[in-house]
Amino acid sequence: MEFQFLGGASEVGSLGLVVRDQGRTLLFDYGMTPTDPPSYPRPAPVNLDVAVLSHAHLDHSGMTPLLSRLPKTRMVATPVTIAVADLLTRDALKVARLEGYLPPYTTNDIQSLHGRYTAVDRHGTFRHHGIEIELTPAGHIPGASMMLYRGNRDVLFTGDLQAIPTHLVSGAEPLECDVLVMESTYAGREHPDRKETERRFRDKVAETVERGGKVIVPAFAVGRAQEVLMSLAASGFETYLDGMARKVNEIYAAAPEYLADSRRFRRALEGVHVVEHPGDRRKALREGEVIVTTGGMLDGGPVLFYIGELYQDAKSSIFLTGFQVDGSNGRQLLDEGTLTIDETTIHPACEVLKFDFSAHAGHSELLRVVKESGARQVVLMHGDQRELLRDALAGSVDVILPENGKPFSV
Ligand SMILES: [Zn+2]
């Protein structure tokens with residue numbers, strides 16, 4: 001079998017893996033990197049038979065609309081992934097236009113992609129012209145799946161994975177395989193204890209509210225915002241939700257089997273005030289104690305409005321909940337205590353803290369997934385410190401660290 005990464009081999013972003021086997025051509029994920037300017041993977045092969053989408057995040061899905069232009073490609077994903085990827089790619093198009101970049105595809109491409117999809121359930125199997133792909137939950141976010149391709153050898157592609165259960169989803173359920181293609185975002189790094197992190201988060205929220213401040217919680221719309229809301233659910237704070245997350249909530253609420261506990265999810269959302277119109281934002285500022293809002297890295301979205309209103313208030317807090325990529329406003333806030341809005345640099349007086357709500361498996365959990373899969377060969381992708389995982393696996397399995405664009409055989 002021949003493998004080739006179109007992108008995302010040694011970095012987090014723009015993932016795409018082409019697999020050629022027995023005259024068939026498959027593609028696993030096709031993402032972009034939503035930086036400013038955005039970056040894209042290499043072009044997909046024209047003769048693509050099947051493209052598989054592990055989950056909706058843009059670094060995995062952001063280029064899939066282009067696949068609707070290929071002559072015969074069938075697409076596979078869970079129904080939740082299809083719905084959320086539609087939302088995210090439409091939003092990416094809007095952002096590209098706002099920022100003045102020529103988008104790589106059109107709304108028509110996003111629309112026609114639906115005719116290519118076969119929706120497959122979380123434990124289902126896709127079959128097409130002798131190609132067989134079995135899905136199994138990846139943890140991470142609702143709908144995220146690992147994909148087992150049964151070919152000349154059995155190849156399990158993890159997409160992004162989380163091995164421990166969270167509020168939103170149960171942990172990953174790896175299947176046995178010969179070759180494991182695994183994400184390595186957290187290679188060499190462990191997460192702090194999740195329960196302890198959440199306790200500290202709720203304590204710090206309470207502290208802010210008690211001293212008369214507001215808490216702004218920037219959170220990614222897909223997965224993180226919901227996880228944060230569930231973590232706060234029992235605490236009784238006046239909580240407002242703003243941004244695209246509310247549309248994602250509707251998709252999740254309609255697919256209870258993809259949630260760890262759909263009743264708890266619904267109950268958590270019942271207590272949350274949703275900002276429907278920009279006019280509601282004043283109300284959120286007046287009456288809210290906690291405002292959960294996009295964008296997660298402070299580079300755009302309603303979060304900038306709230307920060308613009310509250311940054312001089314030393315009683316208020318900004319609690320980051322996600323990974324802050326280099327060059328983002330969130331990273332600048334953590335490293336330098338400043339952020340830039342409309343070319344003006346401000347120095348918030350608020351308390352700034354970061355909490356690790358990661359949806360990715362840490363180093364030792366990744367090692368456990370390798371063991372559970374029984375794979376003899378492991379391809380490490382989607383990480384910039386893959387060597388640390390390779391060293392930890394040395395001697396037990398054969399490890400490959402691929403490079404973008406460079407074909408290799410397994
Ligand atoms: Zn992801």
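Just so you know, ligand 1 is whichever comes first in the structure, and atom 1 is the first atom listed for that ligand.
Counting only residues at least two apart or in different chains, salt bridge (Lys or Arg N to Asp or Glu O under 4.0 Å) contacts with residues 10-24 comprise E2-R20.
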> Does the pair R150 and E134 meet the rule for a salt bridge (Lys or Arg N to Asp or Glu O under 4.0 Å), with working shown?
Replying inline: CA-CA 8 Å; R150 296 193 191 283; E134 189 178 341; 2.5 Å; yes
> Run the ring pair (Phe, Tyr, Trp, His ring centres under 6.0 Å) check on H191 and H360 step by step: do they pass?
Replying inline: CA-CA 9 Å; H191 298 298; H360 290 270; 8.1 Å; no
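Using a cutoff of 4.0 Å between basic side-chain nitrogens and carboxylate oxygens, R194 and E198 are scored as salt-bridged. At a threshold of 4.0 Å, the pair K204-E351 counts as salt-bridged, since one of the basic side-chain nitrogens sits closer than that to a carboxylate oxygen. Salt-bridge annotation for D242 and R281: present, with a side-chain N of the basic residue lying under 4.0 Å from a carboxylate O of the acidic one.
Within the protein, the number of N/O/S atoms found under 2.8 Å from the Zn ion (ligand 1) is 4.
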